[in-house]
Peer 1: 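Got a structure for you, questions after.
This structure is a prediction, so every number in the text was calculated from the model and none was measured. Throughout, protein chains are lettered first and strands after them, A, B, ... in sequence-line order, and every chain is numbered starting at 1. What's counted below: heavy atoms across the whole structure, side chains too, no hydrogens, waters or symmetry copies.
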Amino acid sequence: MRGFRRGLHRRSLYHRSLHLPPSPDAAHAQLLALHESGDANAAARFLREKTAAGSIFPGFLSSVVIDRACKSGDLRGALLILATMLHSGTPPPNQHAFASLIDALSKSTRLADAARALELMRDAGIHPDVVTFTVMIRGFCKNRMMERAWEIFQEMIKSNRCQPDCFLYGVLIDGYCKELRMDRALELLREMRVERRIQPDVVIYNSIVDGLCRSNRFLEAWKFLDETMVLQGCSPTVVTYTSLIRGACKAKKMKLAVRIWNAMLERKIQPTIVSYSVIIDGLSKAGRVYDAYRVVREMETLGCELNVVIYTTLIDGLCKSGFLDDAYALYRIMKRSGAFPNQRTYATLIDTFCRNDRTETALGLFDHIRDYCPLDVAMYTAVVSGLCRERRLDDARALFREMRLAGVSADTHAYNVLLHGAFRSERPEEAFRILEELGDDPGCVANLLTYNTVIAGCCLESGMVLFYEMRQRGIAPDFATYSALIDRLLGSGEIGRAFDLCEEMLASGLSPPSGVLGRVVARLCWSRRGDLAAKVIEMAMAVDDTASFSLPWDDEDGAAQDEDSQGEELGSIKDGATQEEPVP
DNA sequence: TTAGGGTTAG
């Protein structure tokens, strides 16, 4: 309070000085006037020039100018003021100015500069407070640099000058959740609760629920809500429900997703446009476009305006269900409605045209929208994929080059599409060149799909080399990897090696499609190795038994464990509630 | 006076 009063006093002094005749404070008054006129650039320039010419401004005033410059996006100006001040021996900017600068730098992904500003701050003898550390750590978290985030956190703890609070834990926990490192996230949650006695709030719990759902640990997310969050006296919000609904949709549990939706309405929690997007997307992807459309109608009845996400979600649903003309009609309605299509809308349409043998239409749309919408990697990749589908590998390669020349970075998915195209055009030598390019691209790293694409396309021996390489790189093969190799081995008559791989696959707990297993068993029987065939069947049964565990909520109403696609009523907001209460 | 959570595409 005292600090606040002092601030007020200073501000009023400067205000008064504006009306005084020229005085030694004239430069200050002029700076303040510039600052208050809202012209951050001019204020920054003035401060810089005057300081360089020997004027000395109070630290408070220059800090305010730096803060305003940061907020108006004039990062260059803010940095120049900082440099001028630090070199001219005038009082350094205060903690707020540094915090503001570090925040602006990390939001512009200039993380190295932000870290340097933190160092400069310490050099100037100002101790960063918990907020300054939080904005710095948040920058690393948002850019998926959790190791750096953790280092700064440790530095803060070691300096022993400020203590972490609920917000800072929230930033770190969310960072780990976004990286799906749930063990780290849960460990930090325990640390804050047990060791530091900080009560987590609903935002932190929501991060955890969402992280568990994204990690395909829906059951645990559910248990977490029920057994930890609610027990700690924290009620779920619309965000919690939205994450759970998305998790249920992802786990292909649409019936449960709808039940959670209805329970949310019953609790008088109003869905937001985000929750509507999630349920509409879930229904569309489950092939229930009509139900999705009913939800949209309900939104409209309630006066809720459809945004670009809702339109794009519906267009995607229509495309994936084969209603291409309806999707295009909706796209035209969307444009008239004022919700302008974005890169995702276009990527969806382009991809759909390509998949339906209308590559020329897709190319036409692609060329047409160049003038309206910056092209991104997904839009290019959709066209590249269409060209590859038509075995126009050279055209695809040319477009890929054009993309990079236009300054759009490729990602692993883009390379994977191109690799698939090379094999489709029966040009394995080209595929290996593309694989090399991927390896040289600093922004990309080969993933499971990359290896599966190449292994499925190349010869057996190269495939085995890649199989060992991927495991060395910590990429676990999935059933597609094994199936491709096992089929190659069977084709070359190497039944023993095929059995070994099959055994390894089953031992790793992978639930394989029955096709490849059937082929292995048949070949083993023909080769009079019934003992090995029996072993394969026995191991496959063991894998299947563990895979088919039942879920508690399916038992409650005696519902089948397999996902239904119909039969669950979507509650409306007015009367929508189910009788049962399985949802927390 | 600076800081944390849920949405759509290739």
Side-chain angles (χ1 to χ4, degrees), chain A residues 3-4 7 63-64 66-67 70-71 94-104 106-107 128-139 141-142 165-175 177-178 200-211 213-214 236-247 249 271-282 284-285 306-317 319-320 339 341-352 354-355 362 375-386 403 410-414 416-417:
Chain A
F4 178 64
S63 297
V64 167
I66 288 182
D67 182 56
C70 288
K71 289 194 178 54
N94 63 22
Q95 201 178 54
H96 292 162
F98 272 109
S100 193
L101 187 61
I102 291 169
D103 186 39
S106 64
K107 276 181 180 150
D129 66 342
V130 67
V131 176
T132 315
F133 276 113
T134 305
V135 294
M136 183 70 252
I137 289 171
R138 181 182 165 276
C141 289
K142 289 273 177 221
D165 59 7
C166 188
F167 250 91
L168 178 49
Y169 270 107
V171 169
L172 272 171
I173 288 175
D174 188 59
C177 287
K178 291 276 182 333
D201 62 9
V202 68
V203 175
I204 294 192
Y205 284 127
N206 285 346
S207 283
I208 301 266
V209 167
D210 190 61
C213 287
R214 284 179 198 272
T237 64
V238 64
V239 177
T240 329
Y241 280 110
T242 304
S243 287
L244 275 175
I245 292 166
R246 192 170 182 271
C249 293
T272 61
I273 190 103
V274 178
S275 9
Y276 275 118
S277 311
V278 167
I279 194 77
I280 290 168
D281 186 49
S284 296
K285 286 205 166 65
L306 309 185
N307 66 8
V308 57
V309 178
I310 301 275
Y311 274 114
T312 305
T313 305
L314 261 185
I315 288 172
D316 184 54
C319 287
K320 298 237 163 43
N342 64 14
Q343 291 165 322
R344 292 186 180 218
T345 325
Y346 288 124
T348 303
L349 285 170
I350 291 168
D351 185 57
T352 304
C354 289
R355 281 178 199 274
L375 305 178
D376 73 355
V377 62
M379 292 161 75
Y380 274 107
T381 308
V383 182
V384 166
S385 172
M403 171 181 85
D411 60 13
T412 306
H413 181 76
N416 289 348
V417 165

Peer 1: Categorize Thr237(A) for me: base, sugar-phosphate, or nothing, with a 4.0 angstrom heavy-atom threshold over every strand shown.
Peer 2: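 Answer is base: heavy atoms of Thr237(A) come under 4.0 Å of a base.
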Peer 1: Strictly below 4.0 Å: does Lys285(A) bring a side-chain N or O up to OP1 or OP2 of dT7(B)?
Peer 2: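 For dT7(B), neither OP1 nor OP2 has a side-chain N or O of Lys285(A) closer than 4.0 Å.
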Peer 1: Considering only side-chain heavy atoms of Cys166(A), which listed nucleotide, dG4(B), dT7(B), dG10(B), is closest?
Peer 2: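 The nucleotide sitting nearest to the side chain is dG4(B).
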Peer 1: dT7(B), OP1 or OP2 - any side-chain N/O from Arg246(A) closer than 4.0 Å?
Peer 2: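 Yes, such a contact exists.
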Peer 1: Would you mind telling me which of dG4(B), dT2(B), dT8(B) lies closest to the side-chain atoms of Thr312(A)?
Peer 2: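 Taking heavy atoms from C-beta onward, the closest nucleotide is dT8(B).
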Peer 1: Does a nitrogen or oxygen in the side chain of Arg214(A) sit under 4.0 Å from OP1 or OP2 of dT7(B)?
Peer 2: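 Indeed, a polar side-chain atom of Arg214(A) lies that close.
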Peer 1: Need one value for Val377(A): base, sugar-phosphate or nothing, where a base atom within 4.0 Å counts as base even if backbone is also close, heavy atoms only.
Peer 2: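 Result for Val377(A) = base.
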Peer 1: How many whole angstroms separate atom CD of Gln95(A) from atom P of dA3(B)?
Peer 2: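 About 14 Å, once rounded to whole Å.
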Peer 1: Could you report the tightest heavy-atom contact between Ser106(A) and Val135(A), atom names first, then the distance?
Peer 2: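 So the minimum-distance heavy-atom pair works out to OG-O, 3.4 Å.
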Peer 1: Rounding to an integer number of Å, can you tell me how far Arg344(A) CZ sits from dA9(B) C1'?
Peer 2: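 So the CZ-C1' distance, Arg344(A) to dA9(B), works out to 6 Å.
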Peer 1: Roughly, in whole Å, what's the span from OH in Tyr311(A) to C1' in dA9(B)?
Peer 2: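 The answer, rounded to whole Å, is 18 Å.
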Peer 1: Classify Ser207(A) by what it touches in the nucleic acid, base, sugar-phosphate, or nothing, heavy-atom distance under 4.0 Å.
Peer 2: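 Result for Ser207(A) = sugar-phosphate.
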Peer 1: Do the side chain of Thr348(A) and the main chain of Arg344(A) share a donor and acceptor less than 3.5 angstrom apart?
Peer 2: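 Confirmed, Thr348(A) side chain pairs with Arg344(A) backbone.
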Peer 1: Which nucleotide, dA3(B), dT1(B), dG4(B), lies nearest any side-chain atom of Asp103(A)?
Peer 2: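 From the listed options, dA3(B) comes nearest.
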Peer 1: Rounded to whole Å, please give me the gap between CD1 in Ile315(A) and P in dT8(B).
Peer 2: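 These atoms are roughly 15 Å apart.
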Peer 1: Hey, does Thr345(A) reach any base, or is it just sugar-phosphate, or nothing, if we go heavy atoms under 4.0 Å?
Peer 2: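 Counting heavy atoms under 4.0 Å across all strands, no contact is made by Thr345(A).
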Peer 1: Nearest to the side chain of Thr381(A), which nucleotide is it out of dT2(B), dT8(B), dG10(B)?
Peer 2: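 Given the options dT2(B), dT8(B), dG10(B), the side chain of Thr381(A) is closest to dG10(B).
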Peer 1: Heavy atoms under 4.0 Å, any strand shown: does Leu168(A) hit a base, just sugar-phosphate, or nothing?
Peer 2: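 Leu168(A): no heavy atom of the nucleic acid under 4.0 Å.
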Peer 1: Give Thr240(A) one of three labels, base, sugar-phosphate or nothing, depending on what nucleic acid heavy atoms sit under 4.0 Å from its own.
Peer 2: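 Here Thr240(A) touches no strand at all.
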Peer 1: With the stacking rule set at 5.5 Å and 30°, tell me whether Phe167(A) counts as stacking on dG4(B).
Peer 2: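 It does not: the two rings, one from Phe167(A) and one from dG4(B), miss the stacking criterion.
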Peer 1: With distance as the sole criterion, do the side chain of Ser243(A) and the base of dG6(B) form a donor-acceptor contact below 3.5 Å?
Peer 2: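 Answer is no: no donor-acceptor pair is held.
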Peer 1: Quickly work out the Asp174(A) CG to dG4(B) P distance and round it to whole Å.
Peer 2: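 Atom CG in Asp174(A) sits about 10 Å away from atom P in dG4(B).
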Peer 1: Under 4.0 Å, counting only non-hydrogen atoms across every strand here, what does Ile273(A) touch: a base, just sugar-phosphate, or nothing?
Peer 2: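 Touches a base.
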Peer 1: To the nearest 0.5 Å, tell me how far Ile173(A) CD1 sits from Ile208(A) CD1.
Peer 2: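 Here the interatomic distance stands at 5.0 Å.
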Peer 1: With heavy atoms under 4.0 Å as the rule, sort Val238(A) into base, sugar-phosphate or nothing.
Peer 2: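 Answer is base: heavy atoms of Val238(A) come under 4.0 Å of a base.
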Peer 1: Of the nucleotides dG6(B), dA9(B), dT2(B), which one has an atom closest to the side chain of Val239(A)?
Peer 2: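 Taking heavy atoms from C-beta onward, the closest nucleotide is dG6(B).
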Peer 1: Name all residues meeting the side chain to side chain contact (heavy atoms under 4.5 Å, CB included) criterion together with Thr134(A); count only those two or more places apart in sequence or in a different chain, and write none if there are none.
Peer 2: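 So Thr134(A) forms a side chain to side chain contact (heavy atoms under 4.5 Å, CB included) with Val130(A), Leu168(A), Val171(A).
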Peer 1: What's the spacing between Thr313(A) OG1 and Ile279(A) CD1 if we round to 0.5 Å?
Peer 2: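 Reported to 0.5 Å precision, the distance equals 12.0 Å.
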Peer 1: Looking only at the side chain of Asp316(A) (C-beta and beyond, no hydrogens), which of the listed nucleotides dA9(B), dG6(B), dA3(B) gets closest?
Peer 2: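 The answer is dA9(B).
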Peer 1: Establish, with yes or no, whether the OP1 or OP2 oxygen of dA9(B) is under 4.0 angstrom from a side-chain nitrogen or oxygen of Lys320(A).
Peer 2: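 False: Lys320(A) side-chain N/O out of range (4.0 Å or more) of dA9(B) OP1/OP2.
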Peer 1: Quick one: His96(A) NE2 to dT2(B) C1', roughly how many Å, whole number?
Peer 2: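 Computing the His96(A):NE2 to dT2(B):C1' distance gives 7 Å.
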Peer 1: Which whole-number value in Å describes the distance from Asp201(A) CG to dA3(B) C1'?
Peer 2: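 Taking atom C1' of dA3(B) as the reference, CG of Asp201(A) is at 12 Å.
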Peer 1: What's Asp165(A) touching, base or sugar-phosphate or nothing? Going by heavy atoms closer than 4.0 Å.
Peer 2: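 Base contact.
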Peer 1: Restricting to non-hydrogen atoms, name the atom on Ile204(A) and the atom on Cys166(A) that form the minimum distance, rounded to 0.1 Å.
Peer 2: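 Shortest heavy-atom separation between Ile204(A) and Cys166(A) comes out as CD1-O, 3.6 Å.
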Peer 1: Give the nucleotide from the list dT7(B), dG10(B), dA9(B) with an atom nearest to the side chain of Val309(A).
Peer 2: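 Given the options dT7(B), dG10(B), dA9(B), the side chain of Val309(A) is closest to dT7(B).
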Peer 1: Return the set of residues passing ring-ring contact (aromatic ring centres under 6.0 Å, His included) with Phe98(A) (not counting sequence neighbours), or none when no residue passes.
Peer 2: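 Partners of Phe98(A) under the ring-ring contact (aromatic ring centres under 6.0 Å, His included) test: none.
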Peer 1: From CG of Asp376(A) over to C1' of dA9(B), roughly how many Å is that when rounded to an integer?
Peer 2: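 That distance rounds to 8 Å.
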Peer 1: Which nucleotide, dG4(B), dG6(B), dG10(B), lies nearest any side-chain atom of Ser275(A)?
Peer 2: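 Closest of the options to the side chain of Ser275(A): dG6(B).
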Peer 1: Do Asp411(A) side-chain and dG10(B) base share a donor-acceptor contact under 3.5 Å?
Peer 2: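 Side chain to base: pair present.
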